[in-house]
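All figures in this text were calculated on a predicted structure; none of them were measured in a lab. Remember, it's 1-based here, ligands and their atoms both numbered in the order they're listed.
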Amino acid sequence: MIRTRFAPVPSGVFTINDLHNALFSYLIAKHEKGEFLLRIEDINQEKYSMKAEQNIYNILKLFGLQYDNKPVIQSERLNIYKQYIKFLIENDYAYYCFCDEKQLAKERLEATSKNETYMYDGRCRNLTKEEVNNKISNGDKYSIRQKVSKEGTTSFHDEVYGDITFENKYLEDQILLKSDETPTYNLSNVVDDGLMNITHVTRSNEYLSSTPKYVQLYDNFNFDTPKIIHFPMIVDANKKINNDSIISLLNQGYLPEALLNYIALLGWSPKSNKEIFSLEELVEEFDYKHITKDSCYFDIEKLNWYNKYYLKRMVDEEYLKYIIPFIIRNCNMEGKDRDYVNKIALLYKEHIKNAMELVELIKIFFDNDIVYHDECRKYLKNSEQVKKIVLTFKNEIIKINDWNVTSITQCLNNVSEICNTPTKDIYMPIRISITGITQGPDIIETINLIGKEKILNRLG
Ligand code: GLU
């Protein structure tokens, strides 16, 4: 049975790329009715954040990426890693390194300033057992490094990037256990993937160049090398890795379904041109043979398109349940009844790209003062005809006693007649004069919901 895992570090924010990794790993497993596991890579306690760990669980749940079994928590497995380190030392696959960290950092800096790639030169590789023991009993600090095989080449097959061969002389003796006795990712990922019986190692392509070292470790430990699947990364317009936070996007009012659907298509292409996928449909269709190699540009416009689609598709009740909390959190609700707020929210259902855009747009109903954009201010002043329409509108509004859609429609007809201007041409001056902006939903409903008092205030 196929088994994949998602292995996030609980520090900082949960990003678009994290979600991408989780989703692809989940889909690869579930497409073949396999297991999807979660491993919390929390060995580095300095970086650890409880909130970040909680976010991982919450986000996976929210997006429906249900993992099998209990999560594997690396900080609970330190003794296991130590045993594996011991095994490597005993079998000459790893060695004690007593080099001074500051000295190595200096050498690294020198190399980079000369534009050279730094690689540890292995000067502690050949210390004798006696030298090592003396230094240890002396209390000298040490780390433990992988003794990579420096001869020949290491090859592996990546399911996305194909057959890959590295020359071993370019592989660095990477640190497996730090001087503070904590294992590094380089060790723990291999040990855990082996012990968790991971059949397909799924991760972003930033790990491609480290993979030959991991392949050597699988061999050293006598683990079967799993299938290896690297994903392309999601980048910004300037080709930098995109670190947008999923929580921020959710807070911005992007729906999980929309995010999931969009992200699934970054780096994977379905057989057909279909663009709309539920999670179940993705499970059905996702085939890792169709993962693409190149980095994918995170296009917010495309995400907006998806979000708009999913918002429109919601039934009204569901939409209100989702959107009203955003309004309550961000608008002054004093004196507003629920029915009124629901009407406003529904007025925009077909128009908005996310919930926070709605919050911005509906300020015209909530705030007493509105901000007129410069061009709108000019528009209202620059033509006699516009001035006349606005003034007539004010005079007609004053006369309305029974405030409703019918009386407002009648009022607009009157304005059109008095100003001798077709109704469609009076909408823009009126919209601008009472909202300060050029676009919006149905004008009659807008007038109705802003209310007579606010409108008269705005018309001065
Ligand atoms: N903790 C690593 C990361 O978040 C895991 C990479 C992997 O899947 O092995 O990038």
Side-chain angles (χ1 to χ4, degrees), residues 2-29 34-49 51-57 59-60 63 65 67-68 71-78 81 84 146 156 158-161 164 174-176 178 182-218 221 223 225-235 240-246 263 267 288 291 295:
I2 185 168
R3 289 182 120 206
T4 65
R5 85 294 186 275
F6 170 50
V9 179
S11 69
V13 297
F14 192 104
T15 68
I16 287 273
N17 272 295
D18 290 327
L19 185 63
H20 193 241
N21 283 343
L23 176 62
F24 276 28
S25 304
Y26 174 88
L27 294 175
I28 289 170
E35 284 186 339
F36 167 67
L37 308 182
L38 174 63
R39 181 165 80 222
I40 301 291
E41 300 210 323
D42 62 345
I43 293 180
N44 187 342
Q45 284 292 317
E46 273 167 34
K47 286 197 187 154
Y48 174 79
S49 140
K51 187 165 164 230
E53 182 175 350
Q54 204 48 54
N55 275 344
I56 294 169
Y57 303 128
I59 290 173
L60 292 180
F63 284 84
L65 306 178
Y67 46 87
D68 295 288
V72 169
I73 311 286
Q74 286 194 326
S75 60
E76 294 169 1
R77 298 163 65 80
L78 298 180
Y81 307 127
Y84 278 80
Q146 181 180 0
F156 61 92
D158 185 285
E159 299 295 321
V160 174
Y161 292 87
I164 297 186
Q174 60 187 352
I175 294 181
L176 302 178
K178 293 197 280 186
T182 52
T184 60
Y185 164 78
N186 296 322
L187 176 83
S188 61
N189 92 83
V190 173
V191 171
D192 284 341
D193 285 342
L195 297 181
M196 291 163 75
N197 292 322
I198 298 303
T199 59
H200 294 57
V201 165
T202 51
R203 61 178 154 230
S204 58
N205 64 15
E206 57 185 334
Y207 292 98
L208 252 178
S209 60
S210 304
T211 301
K213 291 180 268 190
Y214 305 150
V215 168
Q216 289 194 9
L217 284 175
Y218 293 128
F221 290 136
F223 289 147
T225 303
K227 277 198 193 308
I228 294 170
I229 306 180
H230 283 97
F231 313 135
M233 296 206 68
I234 301 177
V235 296
K240 293 248 163 61
I241 295 173
N242 179 300
N243 284 322
D244 287 354
S245 139
I246 291 296
I263 285 175
Y288 66 75
I291 295 178
S295 309

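Look at Asn189 and you'll find every heavy atom at least 4.0 Å from all atoms of ligand 1.
For atom 8 (O) of ligand 1, the closest non-hydrogen atom on the protein side is Arg5 NH1, 2.8 Å. In terms of protein heavy atoms, atom 1 (N) of ligand 1 is closest to Glu41 OE1, 2.6 Å. Shortest contact from atom 5 (C) of ligand 1 to any protein heavy atom: Ala7 O, 3.2 Å. Protein heavy atom nearest atom 3 (C) of ligand 1, with residue, atom name and distance: Tyr207 OH, 3.3 Å.
Under a 3.5 Å cut-off, the side chain of Asp42 and the backbone N or O of Ser75 do form a donor-acceptor pair. The closest donor-acceptor contact from the side chain of Thr199 to the backbone of Arg3 lies under 3.5 Å. A donor-acceptor pair under 3.5 Å is absent between the side-chain atoms of Thr182 and the main chain of Lys178, judged by distance alone.
Contacts between Tyr185 and ligand 1 below 4.0 angstrom, taking non-hydrogen atoms only, involve the side chain exclusively. Under 4.0 angstrom from ligand 1, the non-hydrogen atoms of Thr202 all belong to its backbone.
Side chains of Gln74 and Asp192: a donor on one and an acceptor on the other come within 3.5 Å.
Among all heavy-atom pairs drawn from Leu208 and Asp158, the shortest one is CD2-OD2, 4.1 Å. Nearest heavy-atom pair, Gly34 versus Asp68, reported as atom, atom and distance to 0.1 Å: O-OD2, 4.2 Å.
Listed by number with element, the atoms of ligand 1 under 4.0 Å from a non-hydrogen atom of Val9 are 1 (N).
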